[in-house]
Number of protein chains: 2
Amino acid sequence: MKLDKKRFFVGILGFFMILGFVWAEEGMWLLNQLPGLKLAEKGFNIDVAKIYNPSAPSITDAIVLLGGGTAELVSEQGLLLTNHHVAFGAVQRVSTSGTDFISKGFLAETLRDEIEAPGYSASILMKMEDVTKAVLEGAGKIKDLVKRQKTIDQKIQKMTDGIEKGKSDISANIASMYEGKQYILFVFKRYDDVRVVYVPPAAIGNYGGEIDNWMWPRHTGDFSFMRIYMAPDGSGRKYHQDNVPLKPRYWLKVAGEGLKEGDQTFIMGYPGFTSRYRTSFAVDYSYRHQYPETIALYSDTINLLQSFEKDGLKAKMKVAGLIKGLSNGMKKSQGNVDGMGRTGFVEQKKAFERELMGFLQKDPALIKKYGHILGEIEQLYQKVIVTKAYEDALAGMGGRLCGTLMSIASQAYGVAAERAKPKSERDPRFSEKDIERTVSRLQYGYMSYYEPADKALLQAALRRAQDLPEDMRIKALESLLGGEGIDAFLDKAYEQSKLKDVEFARTLFGKSVQELKNQNDPFINLAAELYPEKEAQRKKDEAFAASISQLRKQYIDALYTWKGADMYPDANRTIRFSFGPVKGYAPRDAVVYKPFTTIKGAIEKRTAQEPFDLPQSVVDLWQARDFGRWACPTLQDVPIAFTHMVDSTGGNSGSPVLNANGELVGILFDGNYEAMTGDWQYDAEIQRSISVDIRYVMFITEKLGKATRILKEMKL
Amino acid sequence: MKLDKKRFFVGILGFFMILGFVWAEEGMWLLNQLPGLKLAEKGFNIDVAKIYNPSAPSITDAIVLLGGGTAELVSEQGLLLTNHHVAFGAVQRVSTSGTDFISKGFLAETLRDEIEAPGYSASILMKMEDVTKAVLEGAGKIKDLVKRQKTIDQKIQKMTDGIEKGKSDISANIASMYEGKQYILFVFKRYDDVRVVYVPPAAIGNYGGEIDNWMWPRHTGDFSFMRIYMAPDGSGRKYHQDNVPLKPRYWLKVAGEGLKEGDQTFIMGYPGFTSRYRTSFAVDYSYRHQYPETIALYSDTINLLQSFEKDGLKAKMKVAGLIKGLSNGMKKSQGNVDGMGRTGFVEQKKAFERELMGFLQKDPALIKKYGHILGEIEQLYQKVIVTKAYEDALAGMGGRLCGTLMSIASQAYGVAAERAKPKSERDPRFSEKDIERTVSRLQYGYMSYYEPADKALLQAALRRAQDLPEDMRIKALESLLGGEGIDAFLDKAYEQSKLKDVEFARTLFGKSVQELKNQNDPFINLAAELYPEKEAQRKKDEAFAASISQLRKQYIDALYTWKGADMYPDANRTIRFSFGPVKGYAPRDAVVYKPFTTIKGAIEKRTAQEPFDLPQSVVDLWQARDFGRWACPTLQDVPIAFTHMVDSTGGNSGSPVLNANGELVGILFDGNYEAMTGDWQYDAEIQRSISVDIRYVMFITEKLGKATRILKEMKL
């Protein structure tokens, strides 16, 4: 008898382990791949047609592309849930040193009190369609790869322009899947009036700060409520006092029953970028060059920016956003280096490629068709490495790391130069509509403009250029670096330039090259001098991209021939579906991480100092066991966050987590540090998504935020 | 049916939880308390008489007091097992920059090759006896507490002198238990010839170094083999070429079957000091004053010493021992501060004391007898705090943190001054035998003498004295600090002093006060100036000790009256027995630590750089699964270390871990960081001892060390 019971127990364990394996599904799937996933067999009770349905309301209609992340509709009045860190920029923009909503949080007591989230726009998918045939039509005949790609890009631009034409609230995007083997059109309705409804204090929404970022166990209530507004006629438009809350086609309902270990979940959202089908050469390049150099650059820049925090709260808030972004990027790079080193990732890829070659060599036709790919990719990367320092320094004379003023001068000059070209030579991605949007959003960049920091950023960028080896120097900088020197130039430029005025900056985007030169602005002059080298580099990049993309496409063909498995395209900021059960993991020898954290754990971490400054009232609520409806009966506490096996990456931030019935159980906000190489390769053992539990979201909203009108609106 | 099985399973869980609770036995028990522990009921198969037996060989005969730790006999030829860090000092002393046994490890190929461990002596318990009546005889009548204590101390000294008289290899120690409620005599046989047999490289024995110290999961093979030698007639004596290996009364056998989770274990050894019966005032004093100040002092001193590492390997090795000791002490203090803060320890103690007072207040006789204790202890601590800075600085002008030369001058002067007193006024603990031993061991202190570091230590000590507030200044230093200044004094002193010569230093311990003054040595002169203040402080300390000890004794009486439970005396470097099962723990929310680590985990941590420089050959053995007999079938790997519930503290280092049959399964080497407040209070939830698994010890000895003669000698 005893033995029987033991055997029964072993049986149960084995059963769960097998289920665990079956559930460990890799993939960020296109919505039209859903029927092939056989979700019913994997523990889902919900019909695929309730998830995505081109002809009737479905969960897809509640998924919103918001800023760099994802959000979801949770009421019939356009109420949005997303991450605290997705809403962070908006809260930062509306905060002044007088009303620091980041520290204190913000609650709009009524609809009228909801404040504009400047620069935010929300897009909802209206339609998706495979347009491969139309896009590639006639392109195959073109032998020159750069020309071929240009023809494709022009076709795409023409098609999307056609859709958007005359419709101010429609955006179209044709995305390349599998390195251009497939093209899919996504049409969105865009709402440019998004408002802030409830944001918990940073001590909840960013609890643990940079220290806990990417880490498990996590105790961050990383959520915010926003709302989409539309014109009374239902169209999307900018903030306007007559706008009304959106009436969505579909909105998500909070699950009646709490989530528990082993429960199946799925997410939908807009994951950024993955590189799951890359070769060892790409990995090696990133491991030995790209990541280490990014870490060094970001680390230096963070230190530089932090040195301005002592100038006061205003300065601190202005540099906060960039520091946060760089810290995140730096930790991600470091995690990749750590992970790749620990797992011998380059060698793993090489072994995989040796296997592939072994397979190909068995068939003379296959080896002829695909045998050349790896060698050619290797050669391309070898060339890239040689000139990387020059290219990085040149790219660094534009973008966010050279300061706002130089960056805008560089953009404006680029626009004018592009316009001056004959249409056939123009960059096919050049779009007057995009320029218009850039100009309309210029002011947000200026909101974090702090002159001493801006100047220091450009100084650092110029010094990096100065430190290049003799044979790599940026020619356009020679007269500046060799002549008056960096500091003299900077003093003069920041004193004289009219670019500090955002209204002046706006006008530049309407001017010709000659008109820009006539401004005799130090930043514009420098941008003009740099332009020919940047243009030459752009051409070089185009050629590299065309060559490598062609090889990667062939590589995917070879993999498909070999493995024949179902494949999903790399993430590329288009809407995807992922699924997997709630599950902890074993990060290292003798350590097991459980899948749920609790308020008790948040209190354990509490030091009462940022970033572990959990509000005293949460401690009081916990001590009084005043959990309302939101406690988990097993944990006897409110669950804060959980880990689950859904495959995700940056951009999925804010994605709704739904249970097997399609009910809302959480909001995804991070991946775990141990699996940062996940963008390169999925690892079921150790890769987890981290989500905030909807019970903590509602507990905080109700008990700390006292935002009863939100609960009422969500019918809770 | 299904429900039945579930209920059965819950039943099993409940059963184990209850057992877990029963097993969670607190206590470092005296050997004469063993029969009261009812070990048979707690899963032990071994008879108590096999553990401790005054009239026949027992496990106690295999337990050795070695240096600051514990060791155990494991062969009939006096082979000892202890920790790598217990043998560290010996290995350091025999290593020169030419033969760095710390990095490379050391194996004596034959008995002849075993090298002297300079300064080590091994003591084996011959007899223990309750001598309370003899010690306290007549003392109760003395009203003055200082005089009473002096009388007791003199009695103890007389009794132990009587036992040791004429026997060069016998040591006697009468230890006070429960603050002087009980006195126990321990008689030891001492062997001053201990040799090094096999020491694994530091990359095994100190794997993880300071980073992993006190941490779990741990992958340190913290063991060494040594051997006790005796004179051919069986007596203990110094190193001599005619000495032969010890023939022990008893030696431990390695367990035939490996340890697993839940198995019962026990340890025996010489735990240092605990304070389990102290009041909230003692805790508060340590939490707010003693620990933070220790952390600051040790941290500064470590930084100072590390600045000399760049002077070369020789300098690095000379400062290594002190750095190691200070780092350990600092981490322990930090762990106590963290633990006390996290658990609100002071408040816990206060709540406990409120309960005690509540109990006492119910009975007028009790409140009269014990009601005053807490108030009086509080007053004593309040006085201590006021003068602490002065006292610390004064104490800092002696001891290891003021440099070797000043420390020796201070000792030698103290000895001469004590000798000059009439016998009745002398410190009762003053012992010519101890002085003799100090002198004979002086050379070991000089082995880590590195003049620039020594000078810097004294400089720092003088600067701390200089920084005291005006009203706390050390008067004896005023002419030095106010006159020539610190640096001028140091330059002169280190140039002129003959103390740099160890032979000269030895002679000082035979000289009178006047003869010492005649040396006109700068260090001796300073020691002479400091002496009157130190003597005054000593008297003050004596008075404090006598008062607080009396109150603590009454406090223990009060606790006994209240709780009536079985009690064990605080650890005090006398032999103790502790037991508890192999068990992991949950260090924080959502994290579970399992009780065994493996070679796989050591490889995960490996960076190939110190302190994570696991030898490549261990990696190779693991990859080839060449584990010999030492793998655990469940883990499919060699277990490196494990956590178990035995109650231990510093001094238990090197203690044998024995299973329920009394067979050797491991060597204790650490406690976990989360439980560092364990010296103040036992916590079954989180306090664990960390031991190296005997299977890893033998695996390394056999496979890496190729020390087959050791295995043969141990009959393996």
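Here is the naming used below: chain letters follow the sequence lines, and residue numbers restart at 1 for every chain.
A:R218 meets the side chain to side chain donor-acceptor pair (under 3.5 Å) test with A:T220, A:D670; sequence neighbours excluded. Contacts of B:R354 classified as salt bridge (Lys or Arg N to Asp or Glu O under 4.0 Å), with partners at least two apart in sequence or in another chain: B:E347. Contacts of B:Y696 classified as ring pair (Phe, Tyr, Trp, His ring centres under 6.0 Å), with partners at least two apart in sequence or in another chain: none.
Heavy-atom contacts from other residues, nucleotides or ligands closer than 6.0 Å to NZ of A:K331 number more than 12.
Close approach to chain B, defined as a heavy atom under 4.5 Å from one of its heavy atoms, is seen in A:D589, A:A590, A:V591, A:V592, A:Y593, A:K594, A:F596, A:T597, A:T598, A:G601, A:E604 of residues 589-610 of chain A, taken by number.
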